[in-house]
Undergrad: 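Here it is: the structure, laid out below.
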There are 2 protein chains.
Amino acid sequence: MSRPAASLADVAEAAGISRTTLHKQYATREDLVRAVGVWATDMWEQAVARVAGQPGTKEGLRQLFAVIVESAPHLGFLWRNPAFDEDEELTQRYIAVELRCLAILERARTAGLIAASTPNWWMLQTMYGLAYTAWESVEAGKLAPLDAPDLVLSTLLNGLGGPAAADAGAG
Amino acid sequence: MSRPAASLADVAEAAGISRTTLHKQYATREDLVRAVGVWATDMWEQAVARVAGQPGTKEGLRQLFAVIVESAPHLGFLWRNPAFDEDEELTQRYIAVELRCLAILERARTAGLIAASTPNWWMLQTMYGLAYTAWESVEAGKLAPLDAPDLVLSTLLNGLGGPAAADAGAG
DNA sequence: GCTAGCCTGAACACTCATGTTCACAACCAT
DNA sequence: ATGGTTGTGAACATGAGTGTTCAGGCTAGC
């Protein structure tokens with residue numbers, strides 16, 4: 001899943017089955033890729049469903065970010081495949097899940113945790129960006145998995161600013 | 001450059017030359033990819049060189065972020081190509097440029113703009129992540145190019161936090 | 001005009017991923 | 001044991017991308 005250029009022979013070997021059997025289950029490579037895309041979407045859906053009821057509190061956001069970080073590989077797979085952009089069903093499902101994430105962020109904004117002037121798309125973008133970055137850091141062994149959600153939370157809410165950064169002049 | 005899977009015929013057509021001529025200049029596809037990698041590294045080197053002397057102030061960081069945002073496509077190309085990881089020269093040059101970026105960030109940390117507890121790798125990761133995210137937003141038409149550096153600056157220093165986010169409990 | 005250099009289209013061989021087919025072995029239920 | 005299912009290895013055909021060669025055509029400089 002992490003290597004889009006892998007041949008079907010490699011995939012079959014990695015799956016511990018023969019190439020013939022792989023072709024029985026997925027007639028074409030496209031079928032296989034889509035099946036993995038559906039699976040990745042399932043994973044993401046289920047992960048977000050676990051936290052969709054969270055309130056717009058710091059703890060609620062922390063739960064949300066924990067789920068996004070752990071879904072990072074699935075999201076990365078979906079983002080990297082341009083084919084999914086033209087897949088009506090997957091796109092619809094993706095948007096629906098994204099809206100559930102956005103709902104939590106909006107609650108946090110209403111609660112004053114996030115600046116009222118922050119547009120929806122930038123909340124989402126920074127959340128994705130920071131969470132994905134945190135996941136990469138975990139993969140690289142630079143960040144402990146359990147620390148990732150807190151780091152994303154504090155960075156997204158407070159930035160990296162020190163004592164002299166009280167106001168950055170924008171926002 | 002933005003489509004790694006493009007055939008050499010497509011590349012030649014896009015370049016307005018024949019496939020034969022393309023092969024004369026770059027014997028193999030590997031040669032071509034590496035040449036583009038060298039070019040992307042050149043671009044990034046030159047861009048950072050323009051701001052390497054900046055101080056650790058908000059304006060200094062803003063200049064740095066402006067340069068990273070504009071270099072995002074070049075960086076993306078370098079990041080997406082695993083072949084470059086094994087290229088000694090390009091890796092060395094990449095690290096050298098990264099260190100020049102880090103120097104500015106460290107100056108800002110010393111000046112108190114960035115929390116003293118922030119590790120180097122997280123400063124770099126968040127800078128890359130936010131800058132790349134901002135560039136994508138520009139590409140998507142959601143963010144004005146001139147606003148991008150300021151948005152990255154304020155988000156990285158202050159986060160998205162509103163009045164109720166005075167302390168997120170981490171860091 | 002003539003030559004040298006560069007670009008071009010066309011053709012070719014080669015490799016590799018892909019998709020298909022088929023015969024055979026293992027296994028499971030009856 | 002028997003018949004159905006499932007997985008397997010092997011072979012084959014196909015198509016795309018790649019790299020090479022070659023015979024012209026074009027322009028620039030002599």
Side-chain angles (χ1 to χ4, degrees), chain A residues 1-44 46 72-94 136 139, chain B residues 1-44 46 72-94 136 139:
Chain A
M1 184 188 80
S2 54
R3 255 187 352 214
S7 73
L8 294 189
D10 296 337
V11 174
E13 190 183 7
I17 60 176
S18 76
R19 199 167 68 91
T20 307
T21 305
L22 184 65
H23 267 92
K24 283 255 174 63
Q25 300 185 25
Y26 307 103
T28 70
R29 184 189 187 90
E30 192 183 350
D31 287 346
L32 172 61
V33 171
R34 187 170 191 284
V36 178
V38 169
W39 172 78
T41 304
D42 288 344
M43 292 297 105
W44 194 43
Q46 293 168 19
H74 306 140
L75 290 171
F77 178 79
L78 293 174
W79 292 336
R80 273 193 301 268
N81 277 82
F84 297 147
D85 293 343
E86 292 149 23
D87 188 304
E88 196 65 31
E89 180 201 334
L90 286 186
T91 301
Q92 287 301 322
R93 288 176 63 193
Y94 179 90
E136 285 180 328
E139 284 296 289
Chain B
M1 186 187 76
S2 53
R3 250 183 0 204
S7 73
L8 293 188
D10 295 337
V11 174
E13 190 185 7
I17 60 178
S18 75
R19 199 167 69 90
T20 308
T21 305
L22 183 64
H23 267 94
K24 283 258 172 62
Q25 299 185 28
Y26 308 102
T28 70
R29 185 191 186 90
E30 193 183 348
D31 287 347
L32 172 62
V33 171
R34 185 170 193 284
V36 178
V38 169
W39 172 80
T41 304
D42 288 345
M43 291 297 105
W44 195 43
Q46 293 167 21
H74 306 139
L75 290 172
F77 178 80
L78 294 174
W79 294 336
R80 274 193 300 267
N81 277 82
F84 296 147
D85 293 343
E86 291 149 23
D87 190 303
E88 195 65 30
E89 180 201 334
L90 286 185
T91 303
Q92 287 300 322
R93 287 176 63 192
Y94 179 89
E136 285 180 328
E139 285 294 292

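Throughout, a chain's letter reflects where its sequence line sits, starting with A, and its residues are numbered from 1. All values below come from the heavy atoms of this structure, side chains included, with hydrogens, waters and symmetry mates left out.
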Undergrad: Could I get the full list of side chain to side chain donor-acceptor pair (under 3.5 Å) partners for B:T91, not counting sequence neighbours?
TA: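 B:T91 satisfies side chain to side chain donor-acceptor pair (under 3.5 Å) with no other residue.
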
Undergrad: Suppose we screen for side chain to side chain donor-acceptor pair (under 3.5 Å). Which residues come up paired with A:T28, at least two apart in sequence or across chains?
TA: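 Partners of A:T28 under the side chain to side chain donor-acceptor pair (under 3.5 Å) test: none.
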
Undergrad: For the pair made of CD1 in B:I17 and P in C:dT8, what is the distance, rounded to whole Å?
TA: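 Rounded to the whole Å, the gap is 7 Å.
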
Undergrad: What integer distance in Å separates B:E13:CD from C:dT8:C1'?
TA: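 Result: 14 Å.
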
Undergrad: Please encode protein proximity along nucleotides 12-26 of chain D as a string of B, S and -, counting only heavy-atom distances under 4.0 Å.
TA: ------BBBB-----

Undergrad: Counting only pairs under 3.5 Å, give me each side-chain donor-acceptor contact of residues 19-27 of chain B, with atom names and distances, residues two or more places apart or in other chains.
TA:
{"residue": "B:T21", "atom": "OG1", "partner": "B:S18", "partner atom": "OG", "Å": "3.0"}
{"residue": "B:H23", "atom": "ND1", "partner": "B:R19", "partner atom": "O", "Å": "3.3"}

Undergrad: When the aromatic ring centroids of B:Y94 and B:F84 are compared, is their separation below 6.0 Å?
TA: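 That pair fails the under 6.0 Å test.
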
Undergrad: Taking 4.0 Å as the cut-off, does a side-chain nitrogen or oxygen of B:T21 come that near to OP1 or OP2 on C:dC7?
TA: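 It does not, given that no N or O in the side chain of B:T21 lies less than 4.0 Å from OP1 or OP2 of C:dC7.
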
Undergrad: How close or far is atom C1' of D:dG7 from atom CD of A:Q25, stated in whole angstroms?
TA: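 Spelled out: CD on A:Q25 to C1' on D:dG7 is 10 Å.
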
Undergrad: Can you tell me which residue pairs pass the salt bridge (charged side-chain N to carboxylate O under 4.0 Å, His left out) test with a partner in residues 25-40 of chain B, sequence neighbours excluded?
TA: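 Sorted result for residues 25-40 of chain B: B:R34-B:D87, B:R34-B:E89.
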
Undergrad: Suppose we screen for salt bridge (Lys or Arg N to Asp or Glu O under 4.0 Å). Which residues come up paired with A:D85, at least two apart in sequence or across chains?
TA: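 Scan of A:D85 (salt bridge (Lys or Arg N to Asp or Glu O under 4.0 Å), adjacent residues dropped) gives none.
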
